[in-house]
Amino acid sequence: MSEVENHPFGVANLRSESGLAPAHTRIGWYRAVYAIFWGFAYGVFTDELAEKAGVDTATMLHRLYDSNANPKQAEQVKRSKGVLDLVVEKSGYGKALPDGEGIGIAVHYSFQTYIAMAVHVRMKGDDFEVLRVDSAVDCGQVLNKDGATAQQEGAVAMGISLAKYCEVSFKDGAVVNSNFHDYPVMRISDMPEVHVHFIDSDAKPTGLGEPGMAPFAPALSNAIYQASGKRHRNLPIQPMKA
């Protein structure tokens with residue numbers, strides 16, 4: 001549970017538990033592992049808290065970070081706010097949009113890396129289209145910018161597959177899906193415009209292969225809520241199964 005307890009939100013009284021969930025099939029790990037579901041829970045619930053407080057999500061995130069009085073997490077707070085501010089600036093978060101469009105944001109710290117994402121969507125009836133993704137990254141010193149950028153672009157592609165399509169179904173204890181006709185993945189026509197922004201840093205390099213997955217799905221869910229008023233708390237977000 002260290003990933004939960006180490007998140008740099010200023011929550012004075014925090015209790016985290018891990019509940020056993022029996023699995024009836026063999027389990028294999030996915031890219032980003034546990035950061036996916038923890039990042040989704042943090043990102044979507046923060047958006048809901050912001051709505052209840054009557055502020056935008058960026059403001060709510062600043063409040064949560066600013067309320068952290070733990071000196072051991074001061075660096076995490078600073079760097080989390082750094083990627084948040086950068087993605088807000090670069091994405092145009094908060095700007096007026098046409099009806100049926102929305103921009104959602106989420107920030108997550110995993111694998112010692114800080115990433116904020118802004119996802120811009122347009123509703124298409126009961127479905128949605130991802131138009132643009134901005135990713136702000138603080139992974140310390142970037143040694144290979146092209147490779148680092150490609151990691152984030154790949155995380156967006158894989159994030160769309162995870163968030164919209166990939167669902168393994170079971171019947172009578174066996175997997176139903178057999179191939180791509182009943183287990184679809186993202187096609188090239190789904191790929192949005194992606195912009196990756198790096199924090200200039202002399203800190204030691206940290207993980208970059210996996211952290212980009214965690215903030216995508218919550219930012220997408222928050223964007224869909226902004227565009228349609230429908231809140232999604234489950235993955236995959238298949239055409240408006242709320």
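In what follows, every heavy atom counts, from backbone to side chain, and hydrogens, waters and symmetry copies are set aside.
- In this structure, Ile105 and Leu61 have side chains that are in contact, with non-hydrogen atoms separated by less than 4.5 Å.
- In this structure, Arg31 and Leu162 have side chains that are not in contact, with every pair of non-hydrogen atoms separated by 4.5 Å or more.
- Side-chain contact check for Arg231 versus Val44: some heavy-atom pair is nearer than 4.5 Å.
- The neighbour count for Asp99 CG, taken as heavy atoms of other residues, nucleotides or ligands under 6.0 Å away, does not exceed 12.
- Here the shortest heavy-atom pairing between Ala219 and Met117 reads CB-O, 3.7 Å.
- Remark: Lys164 is positioned above the aromatic ring of Phe128, its terminal NZ or CZ atom under 6.0 angstrom from the ring centre and at most 45 degrees off the axis.
- Scanning all heavy atoms of the two residues, the minimum distance from Ala217 to Ala163 falls at CB-CB, 4.2 Å.
- Of the listed residues (Tyr114, Tyr42, Trp38), just one forms a ring pair (Phe, Tyr, Trp, His ring centres under 6.0 Å) with His7, and that residue is Tyr42.
- Using a 4.5 Å cut-off on side-chain heavy atoms (C-beta onward), Val137 and Leu208 make contact.
- Checked by atom type and distance alone, the side chain of Asn222 pairs as donor or acceptor with a backbone atom of Gly43 at under 3.5 Å.
- Listed for the Asn70 side chain is no donor-acceptor partner under 3.5 Å among the backbone atoms of Gly10.
- For the pair Phe40 and Ser221, the tightest heavy-atom approach, listed with the atom from each and the gap, is CE1-CB, 4.1 Å.
- Closest heavy-atom contact between Thr113 and Asp138: CG2-O, 3.5 Å.
- Two residues are said to be in side-chain contact when any heavy atoms from C-beta on lie closer than 4.5 Å; Arg79 and Tyr109 fail this criterion.
- One hydrophobic cluster, built from ILVMFWY side chains closer than 4.5 Å, cannot hold both Tyr183 and Ile36; they sit in different ones.
- Between Phe180 and Val185, the closest side-chain pair of non-hydrogen atoms falls below 4.5 Å.
- His120 and Asp134 share no side-chain donor-acceptor pair at under 3.5 Å.
- A 4.5 Å side-chain heavy-atom check between Val196 and Gln151 finds every atom pair outside the cut-off.
- A salt bridge links Glu101 with Arg122; the closest basic N to acidic carboxylate O contact falls under 4.0 Å.
- Under a cut-off of 6.0 angstrom, the local environment of CZ in Phe37 is crowded, with over 12 non-hydrogen atoms contributed by other residues, nucleotides or ligands.
- By the 6.0 Å contact criterion, CG on Asp200 is open, its count of non-hydrogen atoms from other residues, nucleotides or ligands being 12 or less.
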